[in-house]
> 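The structure follows.
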Amino acid sequence: MHIATWNVNSVKARMAIVTNWLQSTQPDVLLLQEIKCETDSFPSFEFEALGYKAYVIGQKSYNGVAILSRHSASDLVYQLPGDSEDAQARYIEATIQGVRIASIYLPNGNPVGADKFTYKLKWMQRLKKHAAELIERENSVVLAGDFNVIPEPIDVYDPKGWEQDALFRPETRAAFREIVNLGYTEAFRALHPDQKDAYTFWDYQAGSWPRNKGLRIDHFLLSPEATDRLISCEIDKNPRDKEKASDHTPVVIELR
DNA sequence: ATGGTTGTTGGACAA
């Protein structure tokens with residue numbers, strides 16, 4: 001079973017690149033983040049034509065996540081539990097072929113010191129609580145998406161320069177470790193412990209892509225049973241080099 | 001670089 005995650009930075013602006021990639025890669029599941037459209041205007045029909053059913057929670061202009069699946073999904077959850085007041089569309093979860101899978105768009109959190117950073121840390125505490133319940137309740141759990149977290153210095157081109165950024169602040173990294181330490185395995189680093197310059201995001205500005213000045217912020221967290229089934233985890237850099245690319249590129253895992 | 005770019009939206013805001 002192949003599962004992919006991709007922050008597409010507007011699904012409508014990215015339709016050609018995403019559909020071409022789906023046709024060539026044909027994962028069982030593609031998790032999308034930052035679809036930037038309302039639920040009802042998601043281009044479900046185009047994905048159905050390629051054999052994927054779409055499960056979507058969107059909102060106007062910002063955020064929005066989706067699960068595209070070649071197999072039927074059940075027991076959908078459309079928001080991260082723990083705050084019914086939170087209207088931001090950043091979380092969707094479903095069971096596909098016995099695997100509990102979430103598509104996550106964790107808040108960016110910048111600027112540090114303002115409401116946005118507080119919101120990020122609270123969101124991560126909610127995610128920790130929910131991740132603890134999932135690992136207790138379910139067997140194979142896959143939490144994947146744009147975590148907006150740089151886990152370690154190896155995951156950023158200039159660790160010093162990013163010290164004060166919400167993606168790399170000690171509080172952010174600690175909250176991420178707390179989730180992992182519930183018993184999850186971060187798939188890419190587990191399989192590629194020493195691989196440097198392995199990034200999933202390159203800013204549109206200042207020639208970040210051609211200079212490979214990137215960040216590794218899109219992750220797969222796997223429960224113990226899912227980890228036992230893990231065959232591979234690879235970053236596919238090809239879509240980032242296309243015309244009209246997203247600033248993120250997809251990551252793909254295979255489970256046996 | 002107190003730069004730079006992209007997307008939504010029609011001026012900022014988010015990233």
Side-chain angles (χ1 to χ4, degrees), chain A residues 5-21 31-44 46-47 56-66 80 86-92 103-124 127 144-151 155-169 171-173 175-176 199-219 235 237-251:
Chain A
T5 184
W6 195 355
N7 178 324
V8 290
N9 185 19
S10 167
V11 68
K12 290 175 184 173
R14 222 62 65 204
M15 244 359 231
I17 288 177
V18 175
T19 53
N20 285 338
W21 186 84
L31 308 173
L32 299 177
Q33 299 88 36
E34 270 206 282
I35 60 173
K36 287 187 167 177
C37 68
E38 294 182 283
T39 306
D40 291 343
S41 68
F42 187 86
S44 299
E46 287 90 328
F47 290 117
V56 182
I57 181 70
Q59 67 180 85
K60 191 179 172 70
S61 303
Y62 305 118
N63 309 321
V65 290
L80 180 63
D86 186 358
Q88 297 193 29
R90 296 181 174 275
Y91 190 92
I92 185 169
S103 178
I104 293 173
Y105 179 44
L106 207 144
N108 176 296
N110 282 303
V112 172
D115 290 348
K116 291 195 175 179
F117 192 56
T118 308
Y119 174 66
K120 177 178 195 158
L121 294 178
K122 281 186 176 167
W123 208 95
M124 293 184 83
L127 181 60
D146 177 2
F147 280 74
N148 270 313
V149 176
I150 301 164
D155 299 312
V156 50
Y157 67 93
D158 175 18
K160 206 78 186 159
W162 282 77
E163 249 170 18
Q164 299 308 316
D165 193 277
L167 280 63
F168 197 47
R169 287 280 298 185
E171 304 93 313
T172 304
R173 295 174 60 196
F176 184 76
Y199 305 130
T200 64
F201 165 91
W202 299 258
D203 200 293
Y204 286 125
Q205 305 179 75
S208 298
W209 167 247
R211 296 169 188 203
N212 197 29
K213 293 183 177 302
L215 315 173
R216 196 174 68 86
I217 56 177
D218 299 87
H219 307 298
I235 300 166
K237 290 169 72 171
N238 292 308
R240 186 61 182 81
D241 204 39
K242 307 283 189 201
E243 284 294 318
K244 294 262 294 172
S246 169
D247 40 7
H248 296 249
T249 211
V251 186

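Protein chains get the first letters and strands the later ones, always in sequence-line order, with residue 1 at the start of each.
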> Using a cut-off of 4.0 Å on non-hydrogen atoms, how would the nucleic acid contact of A/Y105 be classed: base, sugar-phosphate, or nothing?
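The residue A/Y105 makes sugar-phosphate contact but no base contact.
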> For atom C1', what is the distance between B/dT5 and B/dA1, given to the nearest Å?
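So the two C1' atoms sit 15 Å from each other.
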> Among residues at least two apart in sequence or on other chains, which ones pass salt bridge (Lys or Arg N to Asp or Glu O under 4.0 Å) with A/D203?
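Salt bridge (Lys or Arg N to Asp or Glu O under 4.0 Å) check on A/D203 returns nothing, list empty.
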> Mind calculating the distance between OH (A/Y62) and P (B/dG7) to the nearest angstrom?
15 Å
> What nucleotide among B/dT6, B/dT8, B/dA15 has an atom nearest to a side-chain atom of A/A13?
B/dT8
> Give the rounded distance in Å between these two atoms: CG of A/N7 and C1' of B/dA14.
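After rounding, the gap between these two atoms is 12 Å.
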> Quick one: is A/R14 getting a side-chain N or O under 4.0 Å of the B/dG7 phosphate, OP1 or OP2?
yes
> Give me, pair by pair, the N or O atoms of the protein and of nucleotides 1-3 of chain B that are less than 3.5 Å apart, along with how far apart they are.
none

> Taking C-beta and beyond as the side chain, do A/W209 and A/D247 meet within less than 4.5 Å on heavy atoms?
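Result no, sub-4.5 Å side-chain heavy-atom pair not found.
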> Hey, which sits more toward the 5' end of DNA chain B by its nearest nucleotide, A/Y204 or A/F201?
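Its nearest nucleotide being more 5', the pick is A/Y204.
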> Just call it for A/R211: base, sugar-phosphate, or nothing, with non-hydrogen atoms closer than 4.0 Å on any strand.
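Since no nucleic acid heavy atom lies under 4.0 Å of A/R211, the category is nothing.
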> Could you measure the distance from the CD1 atom of A/I235 to the OG1 atom of A/T5? Nearest 0.5 Å is fine.
11.5 Å
> Could you list the residues that satisfy ring pair (Phe, Tyr, Trp, His ring centres under 6.0 Å) with A/Y105, not counting sequence neighbours?
none
> Can you list, by residue number, the residues of residues 155-163 of chain A that have a non-hydrogen atom closer than 4.0 angstrom to DNA chain B?
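Residues of residues 155-163 of chain A under 4.0 Å from DNA chain B: none.
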> Within the structure provided, determine whether A/D86 and A/L80 are in side-chain contact (heavy-atom separation under 4.5 Å).
no
> A/D155 pairs by side-chain hydrogen bond (donor to acceptor under 3.5 Å, both in side chains) with which of A/H219, A/R173, A/R216?
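The side-chain hydrogen bond (donor to acceptor under 3.5 Å, both in side chains) with A/D155 is passed solely by A/R216 among A/H219, A/R173, A/R216.
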> Going by the rule ring pair (Phe, Tyr, Trp, His ring centres under 6.0 Å), which residues pair with A/F42 if we only count those two or more places apart in sequence or in a different chain?
A/F47
> Given B/dG7, is OP1 or OP2 found less than 4.0 Å from the side-chain N or O atoms of A/K244?
yes
> The criterion is ring pair (Phe, Tyr, Trp, His ring centres under 6.0 Å); which residues satisfy it with A/F201, sequence neighbours excluded?
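Per chain and number, A/F201 pairs via ring pair (Phe, Tyr, Trp, His ring centres under 6.0 Å) with A/H248.
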